[in-house]
Amino acid sequence: MTSHASVCSAIILSAAFIAACGPSIKAPKAPDGHLIQIEVLIDRSLEGKTDEKVQQLNQVGSYMEQNIMEKLAEVGYDPKLIQTREEFVAAPGKYLLFIKLTDYNPGSKAARVMVGFGD
């Protein structure tokens, strides 16, 4: 892995860690003082999936889009949701966070009904 790729990987992992750890940790700023922009691309991997799996992946993907954008903004990043890889143009202070959903297991339907989380 090249030095630049290592630095990019470290920044992306830091962004994910900071977003997960809550608002007590603040994102670093770019050397020019601007917020670091994180462009988020979620691949829902819908090809070849059943209608039920497509619905589940779309549901969790929509939740993740909203949640990750809120969390990144809360800690001080400038998040932007993109729909295709081609929309991302690398630049200083700008990074791509690529999330690939491969499967989603909603768990036991009976257990969800018992605790009031629907069917």
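- The side-chain hydrogen bond (donor to acceptor under 3.5 Å, both in side chains) test applied to D32 returns H34, not counting sequence neighbours.
- Residue pairs satisfying the salt bridge (charged side-chain N to carboxylate O under 4.0 Å, His left out) criterion with at least one member in residues 54-69, sequence neighbours excluded, are listed as follows: R44-E65.
- Closest heavy-atom contact between F88 and Y95: CE1-C, 3.5 Å.
- Rounding to the nearest 0.5 Å gives a distance of 12.0 Å between CD of Q55 and CG of L46.
- Distance CG/N67 to CG/L72: 9.5 Å, rounded to 0.5 Å.
- Expressed to the nearest 0.5 Å, how far CD1 of I36 lies from NZ of K29 amounts to 10.0 Å.
- Under the 4.5 Å side-chain heavy-atom criterion for ILVMFWY residues, no single connected hydrophobic cluster contains both L35 and M69.
- Pairs engaging residues 83-92 under the salt bridge (charged side-chain N to carboxylate O under 4.0 Å, His left out) rule: none recorded [sequence neighbours left out].
- Atom NZ of K26 and atom CD of E74 lie 8.0 Å apart (nearest 0.5 Å).
- Annotation: side-chain contact (heavy atoms from CB on, under 4.5 Å) contacts of K80 (sequence neighbours excluded): Q37, E39, I82.
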Validation: residues 96-104 side-chain donor-acceptor distances under 3.5 Å, sequence neighbours left out:
residue, atom, partner, partner atom, Å
K100, NZ, D43, OD2, 3.2
D103, OD1, K53, NZ, 3.1

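- Residues passing the side-chain contact (heavy atoms from CB on, under 4.5 Å) test with A73, sequence neighbours excluded: P79.
- Considering only residues two or more places apart in sequence or on other chains, Q66 meets the side-chain hydrogen bond (donor to acceptor under 3.5 Å, both in side chains) condition with E70.
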